[in-house]
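Worksheet: one structure, shown below.
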Amino acid sequence: MIETILIDNARVLDVKKGRIVENARLLVEGKYIADVGTSGEVDASRADRVIDAGGKVVMPGLIDAHMHLSGLRTGDVVKEPLLTSYETLVARAVRDLEALAEAGFTTVVDAGGLIALGLKQAVEEGTVVGPRIVAAGAPLSQTFGHGDTHYLPLEMSDVRSPYRIRPFASLICDGVDECRKAARYALRMGSDFIKIFTTGGVMSQRDRPEYTQFTLEEIKAIVEEAKAAGRFVHAHAEGDKGIVNALLGGVKVIAHADMIDETGIQLALEKDAVVVPTLAVSEHILTYGRELGLPDWSLEKESFLFKYHVERARAAWRAGVKLATGTDFWGGAKAFRHGDNALELVLFVEKIGMPPIEALRAATINAAEVAGLRDQTGSLEKGKLADLIIVDGNPLDDPRVLLDKNRILLAMKAGSILKDRITGPKP
């Protein structure tokens, strides 16, 4: 039997129109929003259960459009994956999913890693409590790419090798034919989208963020394979030339974009791409990296990128490029900790200068597009999935209320309640 829930006495945040609807109601029927509007517009007689929002703000559930369920707890990305059992990492990732739900996240986009693919089914069947997972699985990297673990033997970097390091192994591929086969392998693993690296990065030892990776022909081949399967490509791209190559190749989502230039900005606009700047991870690397044991080579590269990152994200936004919130957090005890992911939204306001409503759109509508779910979630509209949170405070006035998990009173994903501090346990 499908249960119908009425959320009454609410202030509903319409992220599209950028306003609060006062004295509002929202009717949830099964997984979907059946109706939303003022108390005079929504028929309450259909409800099997009523939740009194107490005049609090009801808004779309938050989305982290670029993160990783790794189970890591330190900044030592060199030693910890080698010295920690895969089972322990998975158990920690389950706790991270619970923390994300507590923080009001109803969807997360795992942009590379094997744990998320395995946990996705467990979340869908209700065995594990957490947000919806949209997962890339193993990313595609060239030899000497960002996904090639340079300080280890090559065979330990490839997911197809019995000697691979889980959960971080990539699909190493060089040349158009290998790239096609790797893309097909990723799809065979169950990937929701294909993740590639078109530049070097901070957390890869011997390359640099400004180095280009994959040729344009290789990128186009991967994009073609993704499109053939109804998927899209999400690229790690930090240097200006690698960003341009990704966009020319048909990539839909550009992650990081630290050094995006005017050519990249214009291409992003022309191609209707979405940029996910991931400011939060940079903030944490610079603030906590040395204390937490990040390698010196990673700290040097992040310091190099810092002078570009915020300014180029601001330039892209001012030009009209769609930005989405993604933290690139991988889990941690002090920094990079899942549950603190609303920091990205706050940084969009405080660093880039976005009005709060635009930052909220980046964390809902635009992030839903990155997840491939824009028609299904990201706003509170009739027919969309009932992904919502009830917040004690108005994030239009102060986005920092979303950093306080105690002020997230209720979280609902597709009509299923993940967190409830309003009504208590269901009888």
Side-chain angles (χ1 to χ4, degrees), residues 2-63 98 100-107 129-132 339 341-342 345 356-357 359-361 363-365 368 376-427:
I2 295 176
E3 184 180 41
T4 301
I5 300 173
L6 178 72
I7 299 177
D8 202 9
N9 189 21
R11 305 175 69 214
V12 171
L13 174 57
D14 183 333
V15 289
K16 286 190 170 180
K17 295 182 179 179
R19 64 189 180 97
I20 297 283
V21 180
E22 303 288 350
N23 191 24
R25 286 174 170 168
L26 191 144
L27 194 67
V28 176
E29 192 169 83
K31 295 181 179 181
Y32 301 97
I33 297 171
D35 206 357
V36 59
T38 65
S39 58
E41 295 170 335
V42 177
D43 181 9
S45 66
R46 297 164 55 187
D48 302 309
R49 181 182 175 197
V50 177
I51 295 175
D52 186 348
K56 303 296 190 294
V57 170
V58 179
M59 63 171 282
L62 298 171
I63 301 173
E98 293 169 356
L100 284 157
E102 280 285 315
F105 284 81
T106 54
T107 300
V129 174
R132 177 183 302 105
N341 307 61
L345 186 157
I357 184 57
L360 288 163
R361 288 180 184 130
T364 54
I365 296 170
Q376 299 179 56
T377 190
S379 57
L380 301 180
E381 299 178 77
K382 185 176 179 179
K384 284 196 170 183
L385 290 166
D387 294 348
L388 59 89
I389 58 176
I390 299 179
V391 183
D392 182 10
N394 186 353
L396 280 178
D397 295 333
D398 181 11
R400 282 191 164 270
V401 301
L402 297 171
L403 286 172
D404 186 349
K405 289 183 278 292
N406 292 322
R407 299 182 77 166
I408 309 297
L409 304 180
L410 183 139
M412 177 184 287
K413 178 192 69 179
S416 176
I417 295 177
L418 304 179
K419 174 183 181 178
D420 187 356
R421 292 191 177 180
I422 293 179
T423 66
K426 184 180 175 182

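Being a predicted model, the structure only gives us computed values, none of them experimental. Numbering starts at 1 and runs along the sequence shown.
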Worked check of side chain to side chain contact (heavy atoms under 4.5 Å, CB included) between Leu360 and Leu345: CA-CA 7 Å; Leu360 288 163; Leu345 186 157; 3.8 Å; yes
Candidate list Lys31, Gln376, Arg132, test side chain to side chain donor-acceptor pair (under 3.5 Å), partner Asp387, passing option: Arg132
Least distance between heavy atoms, Gly104 atom then Ile408 atom: CA-CG2, 3.9 Å
Nearest-0.5 Å distance, CG of residue Asp398 to CG of residue Asp404: 10.5 Å
Spacing of CG belonging to Leu27 relative to CG belonging to Leu6, to within rounding of 0.5 Å: 6.0 Å
For the student: nearest non-hydrogen atoms of Ile33 and Ala386, plus distance: CG1-CA, 3.8 Å
Atom of Ile7, atom of Ala53 and distance for their closest heavy-atom approach: CG2-CB, 4.1 Å
Under 3.5 Å side-chain donor-acceptor pair for Thr38 and Asn23: no
Worked check of side chain to side chain contact (heavy atoms under 4.5 Å, CB included) between Ile63 and Phe105: CA-CA 6 Å; Ile63 301 173; Phe105 284 81; 5.5 Å; no
Pair Arg46 + Asp35: basic N to acidic O under 4.0 Å: no
Salt bridge (Lys or Arg N to Asp or Glu O under 4.0 Å), paired with Glu102, selected from Arg421, Arg407, Lys405: Arg421
Atom pair CG (Leu409) and CD1 (Ile51), whose distance is rounded to the nearest 0.5 Å: 11.5 Å
Any donor-acceptor pair under 3.5 Å from Asn341 side chain to Gly339 backbone: yes
Approximate separation, where rounding is to 0.5 Å, of Thr106 OG1 and Ile389 CD1: 7.5 Å
Rounded distance [0.5 Å steps], CG in Asp52 versus CG in Asp8: 6.5 Å
Distance-minimising heavy-atom pair for Pro131 and Ala101: CD-N, 4.2 Å
Side chain to side chain contact (heavy atoms under 4.5 Å, CB included) assessment of Thr377 paired with Lys384: CA-CA 6 Å; Thr377 190; Lys384 284 196 170 183; 5.8 Å; no
Under 3.5 Å donor-acceptor, Lys16 side chain and Ser379 backbone: no
Thr4 backbone acceptor or donor facing Asp48 side chain under 3.5 Å: yes
Contact summary for Ala44 and Arg25, nearest pair of heavy atoms: CB-NH1, 3.6 Å
Side chain to side chain contact (heavy atoms under 4.5 Å, CB included) between Leu13 and Arg11, intermediate numbers included: CA-CA 7 Å; Leu13 174 57; Arg11 305 175 69 214; over 6 Å; no
Closest contact, heavy atoms only, Val36 versus Glu381: CG1-CA, 4.4 Å
Interatomic spacing from CG in Leu388 to CG in Leu62 - rounded to 0.5 Å: 11.0 Å
Lys382 and Glu29 ion-paired at < 4.0 Å: no
Heavy-atom check, side chain of Ile357 versus side chain of Leu396, under 4.5 Å: yes
